[in-house]
Protein chains: 2
Amino acid sequence: MTSAFTIAVHSLVFLASLPDRMASSEEIANQVFTHPARVRKIMSCLRKEGYVKTKEGIGGGYIFECEPDAVTLGNIYRSISCKALKLHWCSNEAYEACQLSTHIQDVMDHIFNDAENHFIAYLDHITIESILHKIKVKQVF
Amino acid sequence: MTSAFTIAVHSLVFLASLPDRMASSEEIANQVFTHPARVRKIMSCLRKEGYVKTKEGIGGGYIFECEPDAVTLGNIYRSISCKALKLHWCSNEAYEACQLSTHIQDVMDHIFNDAENHFIAYLDHITIESILHKIKVKQVF
DNA sequence: GATTACTGTAATAGTAAAGGACACAGTTTA
DNA sequence: TAAACTGTGTCCTTTACTATTACAGTAATC
């Protein structure tokens with residue numbers, strides 16, 4: 001689920017550009033270059049966090065639920081919990097006592113955790129609205 | 001090569017704890033729970049950047065070349081260039097004109113690039129020496 | 001109330017990436 | 001010349017990711 005985050009962002013930007021109608025998973029998948037089932041799975045996470053509203057049945061689909069300037073990439077990252085930061089200490093069972101490895105794990109876990117928090121803090125500066133704005137400036141619409 | 005970074009850090013911390021003798025790839029691999037060939041491959045990158053000195057032949061191996069407080073995790077990250085930050089936009093060929101996707105790629109690439117720079121800046125605050133110190137405080141040696 | 005167009009979610013299969021293992025040439029020391 | 005190393009390439013296994021399919025559930029429309 002590494003690219004789930006980028007798909008989520010892309011989908012939300014797309015939905016933010018269509019504030020007054022629903023888009024189906026197929027339509028979104030077409031924009032985002034993946035498959036409807038995958039879009040549905042990812043949107044399911046976003047729905048649970050309240051970022052999108054979904055509707056089943058005819059005429060259903062997905063629509064942006066919040067104000068685009070109220071949703072940050074940090075929000076999305078947390079809901080997808082995709083662990084884009086692939087830093088993890090080896091989860092080896094055989095740590096012998098009195099070796100360097102015994103405690104370096106704790107130390108490194110702490111460092112990696114901090115690093116991820118910094119990363120999320122950066123993502124929290126960026127809103128869906130700001131991305132949409134940047135794209136509009138480039139005259140896409 | 002995702003874990004290459006952690007192996008590199010672990011290895012350097014180990015070497016920093018043995019400032020006055022060489023350690024073979026086998027000895028390092030034993031500490032770091034991987035295989036000698038992999039250690040050699042990773043240490044090869046660090047040698048090119050001048051962080052370790054290597055010596056072939058009998059009695060050879062690896063030794064820390066710099067002052068431990070002069071080498072940061074950022075330095076290591078850059079030499080390994082492991083791309084721990086697995087954020088990349090889909091490299092899809094079929095971007096049709098006049099679609100949202102056309103420019104969102106540029107925008108997102110820029111954001112992800114910035115994010116990685118922030119991440120590396122954080123890593124630059126942490127030295128091998130500081131890690132070694134933290135471990136020593138925990139009375140490993 | 002049957003049909004159609006959707007979501008929700010699980011299961012399966014295919015594919016790409018990562019890591020482990022091995023091999024062997026090159027180098028240094030004794 | 002033998003022994004103990006590094007340097008590096010390649011193959012193989014395993015793992016993780018993604019695509020695909022399938023099907024139950026739901027809402028609108030006729």
Side-chain angles (χ1 to χ4, degrees), chain A residues 1-8 10-11 15 18 21-30 32-49 51-65 79-92 94, chain B residues 1-8 10-11 15 18 21-30 32-49 51-65 79-92 94:
Chain A
M1 280 283 187
T2 316
S3 63
F5 175 69
T6 61
I7 291 175
H10 199 162
S11 302
L15 289 182
L18 300 173
R21 71 170 179 87
M22 296 204 122
S24 71
S25 61
E26 192 176 345
E27 191 179 3
I28 298 172
N30 193 45
V32 174
F33 300 109
T34 185
H35 293 267
R38 185 139 198 249
V39 169
R40 276 177 252 151
K41 217 173 287 177
I42 292 170
M43 297 309 274
S44 182
C45 296
L46 299 177
R47 175 179 52 82
K48 284 166 189 159
E49 300 291 326
Y51 300 132
V52 297
K53 198 163 62 183
T54 72
K55 196 174 141 200
E56 302 181 18
I58 289 183
Y62 303 87
I63 194 167
F64 212 86
E65 174 80 338
S79 23
I80 302 295
S81 70
C82 57
K83 292 286 166 204
L85 211 56
K86 288 229 140 187
L87 293 178
H88 41 69
W89 210 245
C90 62
S91 61
N92 208 299
Chain B
M1 280 285 186
T2 315
S3 62
F5 175 69
T6 60
I7 291 175
H10 199 162
S11 301
L15 288 183
L18 300 172
R21 70 169 178 90
M22 295 203 124
S24 71
S25 60
E26 193 177 343
E27 190 179 3
I28 297 171
N30 192 46
V32 174
F33 300 109
T34 186
H35 294 265
R38 185 138 197 251
V39 169
R40 275 176 252 151
K41 231 171 276 182
I42 292 170
M43 297 309 274
S44 183
C45 296
L46 298 176
R47 176 180 51 83
K48 284 167 190 160
E49 300 291 326
Y51 301 130
V52 298
K53 197 162 62 181
T54 71
K55 197 174 141 199
E56 302 181 19
I58 291 181
Y62 303 87
I63 193 167
F64 213 86
E65 174 79 341
S79 24
I80 303 293
S81 70
C82 58
K83 293 288 166 202
L85 213 56
K86 287 229 143 187
L87 293 178
H88 40 70
W89 212 245
C90 61
S91 60
N92 207 300

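Everything quoted here is computed from the prediction, not taken from an experiment. Below, read A as the first sequence line, B as the second, and so on, with proteins coming before strands; counting in each chain starts at 1.
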Closer than 4.0 Å, any side-chain N/O of B:S44 to the OP1 or OP2 of D:dT8? yes
A:T34 has its side chain closest, among D:dA19, C:dT4, C:dT9, to D:dA19
So, taking the atom named CG in B:L15 and the one named CD in B:E65, what distance separates them when rounded to the nearest 0.5 Å? 11.5 Å
Contacts of type salt bridge (Lys or Arg N to Asp or Glu O under 4.0 Å), residue B:E56, not counting sequence neighbours: none
For the side chain of B:Y62, starting at C-beta, report the closest nucleotide among C:dT9, D:dG7, C:dG8. D:dG7
Verify the contact: side-chain N or O of A:K55 to OP1 or OP2 of C:dA5, cut-off strictly under 4.0 Å; return yes or no. no
When you check the phosphate oxygens OP1 and OP2 of C:dT7, does a side-chain N or O of A:S25 lie under 4.0 Å from one of them? yes
Side-chain (A:S3) to main-chain (A:T6) donor-acceptor, under 3.5 angstrom: no
The answer to which of B:A37 and B:I58 contacts DNA chain C further toward the 5' end, by nearest nucleotide, is B:A37
Taking only side-chain N and O atoms of B:R47, does any of them lie within less than 4.0 angstrom of OP1 or OP2 on D:dG7? yes
Of B:G59 and B:T54, the one whose nearest nucleotide on DNA chain D sits closer to the 5' end is B:G59
Phosphate OP1/OP2 of D:dG7: any B:R40 side-chain N/O under 4.0 Å: no
What nitrogen or oxygen pairs link the protein and nucleotides 10-15 of chain D at under 3.5 Å?
| residue | atom | partner | partner atom | Å |
| --- | --- | --- | --- | --- |
| D:dT10 | O4 | B:K41 | NZ | 3.2 |

